[in-house]
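Order of listing sets the numbers, starting from 1, for every ligand and every atom in it.
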Amino acid sequence: MNRIPTIIDCDPGIDDVMMLLLALRHEKTDVKLITTSAGNQTQDKVVSNALRFVSYINEKVEIARGLEKPFLRDLVIADHIHGESGIGGVELPEPSLEESDRTAIEAMLATLKETTEPVTIIATGPLTNVGALLLAHPEVKPKIKQISVMGGAVKGGNVTPQAEFNIYVDPEAAELVFNSGVPVVMSGLDVTHKAYLDDQDLARLKGKGTELAEMLHHMLQFYKDAQGASPFHESYYEEVVRLHDLCAAAYVIDPSLFQGDDFYAKVECEGRHTSGATVVDHMRQTGMDPNIHVLYGVDRERFVDLFLSSFDR
Ligand code: RIB
Ligand code: CA
């Protein structure tokens, strides 16, 4: 099987943890590097969570610390959703892995230069690190096959009425990535609100009967209780937990799970009430050429099966 050389940039974060399990365990994704973005929690906490979880599942991957804050703005974290630790109050053992002595940008640059074939980047936190890489080293763009982003939304937000959290935290970085010329696939709230586990799925997870399944079940219950909901969002009336970040990895592994199309999109960086909104020309009214691929549908049952298969690998 042709494995996909992959770099993961994430801010673990409960759904980041689910994404890491899938990407690290699936045979299609050859994870060369994990970098941490400040978002759900501060760098100190997301680095610690990444080191602890990757060690706990006995994977060996370089984990490099990213930038401490967004390009221009103060860091906004999501402790009200992911908890004080960033992983919902679960206590992971001390890590066997050590933080890389390279920064995220240094490690990403080296990885992209070393690989013979283009690398896929899975980005499930604010895009500060990816944006900084592209700004400082545009020469590596041909070595990036695509950037699979969890972020944004065509309709509405989750951290403000108009903005999704990852984009809201660093809209300047997102705008730079979206208009970098590198292929971007956006898993926004429009699709991630359809990519959920219901109580039956959670029972299937718990039924795996392993310590790992029990631990992630606990994290997901915490996340389910903390996730907000809106009648204008899919799955509002159901008891569900949405696996936002998993979409970014699942798309790389099996694009056939999703429906999407190419659209022109800009990121609002100045709006008094709309900063961080992803303004997607979904009715193709601007006459501008599309610059990103936006997902809007998912085969939820196959998506859930893919996630749960991670516990059997
Ligand atoms: O809006 C959802 C996104 O924000 C996810 O990446 C979640 O982990 C948080 O970072
Ligand atoms: Ca995340």
Determine whether the side chain, the backbone, both or neither of [X] has a heavy atom under 4.0 Å from any heavy atom of ligand 1.
X	answer
I81	neither
D16	side chain
D11	side chain
N40	side chain

### Task
Please note down the angle at the Ca ion (ligand 2) between OD1 of D16 and OD2 of D245, to the nearest 10°.
70°
## Note on the structure
In this structure, atom 8 (O) of ligand 1 is nearest to the protein heavy atom D15 OD1, 2.5 Å
### Summary
of all protein heavy atoms, closest to atom 6 (O) of ligand 1 is D245 OD1, 2.5 Å
#### Entry: N or O pair under 3.5 Å between H244 and ligand 1
no
### Query
Based purely on interatomic distance, does Y223 place a nitrogen or oxygen under 3.5 Å from a nitrogen or oxygen of ligand 1?
no
### Task
State the atom name: nearest N, O or S atom of D11 to the Ca ion (ligand 2).
OD1
Examine distances only and state if a side-chain atom of [X] and a backbone atom of [Y] form a donor-acceptor pair shorter than 3.5 Å.
X	Y	value
E106	T103	yes
N49	S85	yes
R3	T29	yes
E68	Q43	no

### Query
Do other residues, nucleotides or ligands put more than 12 heavy atoms under 6.0 Å from D289 CG?
no
### Exceeds 12 heavy-atom contacts within 6.0 angstrom, atom CD of E270
no
### Query
What are the atoms of ligand 1, with element, lying closer than 4.0 Å to any heavy atom of E164?
1 (O), 2 (C), 3 (C), 4 (O)
### Message
Quick check on contacts: which atoms of ligand 1 are under 4.0 angstrom from a heavy atom of M150?
### Response
2 (C), 3 (C), 5 (C), 6 (O)
### Query
Under 3.5 Å, is there a donor-acceptor pair between the S37 and N129 side chains?
no
### Task
Measure the spacing between CG of D281 and CG of D262 and express it to the nearest 0.5 Å.
12.5 Å
### Query
Going by the angle between their ring planes, with limits at 30° and 60°, are Y223 and H244 parallel, tilted or perpendicular?
perpendicular
### Message
Suppose we only count N/O/S atoms under 3.0 Å; would N166 qualify as near the Ca ion (ligand 2)?
### Response
no
